[in-house]
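Right, one structure below, let's go through it.
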Amino acid sequence: MSSFEGQMAEYPTISIDRFDRENLRARAYFLSHCHKDHMKGLRAPALKRRLECSLKVYLYCSPVTKELLLTSPKYRFWEKRIISIEIETPTQISLIDEASGEKEEIVVTLLPAGHCPGSVMFLFQGSNGTVLYTGDFRLAKGEAARMELLHSGGRVKDIQSVYLDTTFCDPRFYQIPSRGECLSGITELVRSWITRSPYHVVWLNCKAAYGYEYLFANLSEEFGVQVHVDKLDMFRNMPDILHHLTTDRGTQIHACRHPKAEEYFQWNKLPCGSTSRNGTPLHSISIKPSTMWFGERTRKTNIIVRTGESSYRACFSFHSSYSEIKDFLSYICPVNAYPNVIPMGTTIDKVREILKPLCRSLQNTEPKYKPLGKLKRAKITYQDSEEEDDLFDDPLPPPLRYKVSKLQTSHPDTVPKTIGFSSQPESPRREGFKAERMQSSLWANFIDCEESNSESEDELQISPLSERDLGHQQKTEMEIPQWEVFFKRKAADDGLGNGPSSTEAEGSQSPKLFSDSDGESTHISSQNSSQSTHISEQGSQGWDSQSDTVLLSSQERNRPKIKEYIPASETKENVPCPEDTYTALKCRDQYLNIAPSIGEPTTLSSRKNIPQDKMVLNTSSSADS
DNA sequence: GCGATCAGCT
DNA sequence: CACAGCTGATCGC
């Protein structure tokens with residue numbers, strides 16, 4: 001949960017993700033994504049009144065966030081006061097104090113945060129320096145290095161402060177399986193079940209929050225089966241999400257919810273109430289996405305853990321792991337880093353200790369030598385210009401909301417050319433750092449979780465899907481979901497619609513998937529049913545943070561036995577439940593050397609450039625009061 | 001009746 | 001497996 005109070009030291013007249021108390025005086029508001037813990041006060045009467053009095057106050061967010069927010073009637077009153085800003089489009093905003101008339105210009109750039117649909121980080125540039133507010137984010141290693149707008153002149157910008165999502169900023173959470181790995185694991189589990197018969201269904205036990213959409217989309221794409229949800233009107237203008245969802249209960253994949261869902265499930269009833277299809281009883285399993293983490297020296301293992309006869313937990317995280325956070329921050333290397341979250345079981349001081357070494361030290365900062373005598377350049381930025389562009393000295397400009405569109409392939413200069421800043425020129429530190437970084441990031445993912453020395457924990461193979469099944473999925477690691485591609489303004493747009501896009505992703509799975517054998521030796525065999533017994537044993541060893549995951553056991557869990565009246569004929573084997581799953585998966589993977597569906601990022605990202613062409617912008621559309 | 005806060009529960 | 005949000009009780013206005 002974010003404990004960010006809403007204001008940044010450098011720009012205290014704007015408020016982000018908090019709308020109460022001091023924030024009621026802000027000149028402008030920003031919302032990084034549509035999760036309630038970032039919306040405190042957003043619909044409070046106090047703020048409503050403020051809006052009525054201060055006609056120049058606006059809320060800025062991504063187009064998707066705006067869409068999601070306005071779907072709720074409770075927030076409709078914001079309708080005329082929200083200005084959506086396209087991703088990766090530096091935009092100038094005037095911060096006006098309505099009482100004094102005082103005015104300050106700031107340029108904001110939204111960067112994709114990979115947390116949920118519409119989620120962004122805000123990069124602010126103004127007279128008090130460049131600061132980055134990350135909101136909540138999940139970015140894989142090396143991802144910051146690929147964000148053009150974090151760079152200038154070929155190197156990372158000089159960032160004064162970062163307000164950072166530190167949800168998992170604790171060595172306990174050293175690594176979390178990548179999105180691709182998690183997606184692939186879940187896909188295989190789903191496949192192993194729903195391919196048995198049309199009456200085999202899965203229930204994705206997701207929390208009420210945006211962020212699972214890419215999972216739904218990928219499963220739907222993979223199996224040609226839409227996902228049943230309770231509501232989908234919020235996605236009405238996001239066809240790439242919408243097409244994968246349905247309110248028709250007659251599907252094999254459910255993500256519907258109900259307060260008594262768990263109880264229902266005990267009785268073989270889905271949250272939507274379904275228990276049968278065409279008179280034939282359903283056979284269901286539940287999959288609960290939850291974060292699983294591994295220590296530094298722990299070898300990543302299971303993405304799927306069985307928690308009951310028909311229940312599984314699947315790794316899924318909206319937030320970056322400890323190592324991802326460190327990679328991100330050390331790449332940005334700001335002067336200051338402030339945690340937005342204090343993870344449970346730790347303290348703000350501990351988090352600061354972790355962040356500090358990743359920031360610029362005083363020595364590094366030292367006599368920032370600033371060459372004198374630079375000429376003011378008439379800047380015509382060409383596409384690949386690697387020029388440093390941020391030496392401003394131009395007079396302050398005034399277009400109300402000046403947007404700089406990116407030239408298609410350019411290294412966009414962050415700051416709209418006409419805007420001037422008088423301080424904080426980019427310092428010439430770290431030449432060539434970017435390239436170096438990018439390179440290493442290509443393999444960093446694979447070495448970081450290598451060998452363990454002593455910890456006995458690696459062998460946590462409790463899950464039906466052994467590690468090699470779900471293992472390494474490097475490619476997707478490199479991509480963040482571009483939620484925006486899901487978003488389409490009023491169905492009018494180009495036909496980018498459903499392009500098959502996912503294609504190349506398929507099949508390309510790295511062969512390593514299976515090669516990694518050490519496998520067998522250590523784990524609990526997934527071959528046969530003996531699982532539970534082993535487990536208990538394992539349970540007693542101190543495995544890092546996850547002893548509990550262990551779990552399972554299964555057999556003795558209480559789910560009322562109803563479920564097995566599967567007409568034996570329907571199932572491919574007689575043994576209906578658990579072990580089949582294992583073997584099924586296992587076999588499958590042995591024969592298929594492909595990673596079934598790494599779809600997600602790929603699918604989506606293949607269209608990631610879309611926003612670029614639409615730089616047209618409605619410049620003023622909004623801001624005129 | 002509404003909102004804010006907290007405990008409890010996923 | 002610790003995120004994000006609901007429900008329900010309580011208190012104050």
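Just so we're on the same page: letters track the sequence lines, and every chain starts at 1. Note that the structure is a prediction, hence the values are computed from the model and not measured.
If you take CZ of A:Phe168 and P of C:dA2, they are 7 Å apart, rounded to a whole angstrom. Separating the NZ atom of A:Lys260 from the C1' atom of C:dT7 is a distance of 11 Å, rounded to the nearest angstrom. As a whole-Å value, the separation of A:Asp136 CG from C:dA2 P is 15 Å. Atom CH2 of A:Trp293 is separated from atom P of C:dC3 by 8 Å (rounded to the nearest Å). What separates CG of A:Asp170 from C1' of C:dA2 is a distance of 11 Å, to the nearest Å. With rounding to whole Å, A:Glu262 atom CD is found 14 Å from C:dG5 atom C1'. Separating the NZ atom of A:Lys207 from the P atom of C:dG5 is a distance of 11 Å, rounded to the nearest angstrom. Put simply, CE on A:Met39 is 10 Å from P on C:dC6, counting in whole angstrom units.
Nearest nucleotide to the A:Met344 side chain, out of C:dA2, C:dG5, C:dC3: C:dA2.
Summarising the geometry, atom CD belonging to A:Gln252 is positioned 11.0 Å from atom CH2 belonging to A:Trp193; distances are rounded to the nearest 0.5 Å.
Note on residues 254-265 of chain A: pairs passing side chain to side chain donor-acceptor pair (under 3.5 Å), not counting sequence neighbours, are A:Asn205-A:Glu262, A:His228-A:His254, A:His258-A:Tyr264.
Under the ring pair (Phe, Tyr, Trp, His ring centres under 6.0 Å) rule, A:Phe30 has a single partner from A:Tyr58, A:Tyr60, A:Phe4, A:Phe19, which is A:Tyr60.
A:Arg257 comes within contact range of no nucleotide atom at all, as no heavy-atom separation falls under 4.0 Å. Nucleic acid contact class of A:Thr167 (heavy atoms, under 4.0 Å, all strands): sugar-phosphate only. Note on A:Ala44: only backbone sugar-phosphate atoms sit closer than 4.0 angstrom, heavy atoms only; bases stay farther off.
Using a 4.0 Å cut-off, some side-chain N or O of A:His115 falls inside it from OP1 or OP2 of C:dA4.
For the pair A:Lys356 and A:Glu353, the salt-bridge criterion is not met [side-chain N within less than 4.0 Å of a carboxylate O]. Ionic pairing of A:Arg191 and A:Glu188 is present here: one or more N-O contacts between side-chain nitrogen and carboxylate oxygen are shorter than 4.0 angstrom.
Nearest-nucleotide positions on DNA chain C place A:Thr291 closer to the 5' end than the other of A:His319 and A:Thr291.
Within 6.0 Å of atom CZ in A:Arg21, 12 or fewer heavy atoms from other residues, nucleotides or ligands are found, so the atom counts as exposed in its surroundings.
Residues satisfying the ring pair (Phe, Tyr, Trp, His ring centres under 6.0 Å) test with A:Phe137, not counting sequence neighbours, are A:Phe328.
From the 5' end on, the contacts that DNA chain B makes with chain A at under 4.0 Å to a non-hydrogen atom open and close at B:dG3 to B:dT10.
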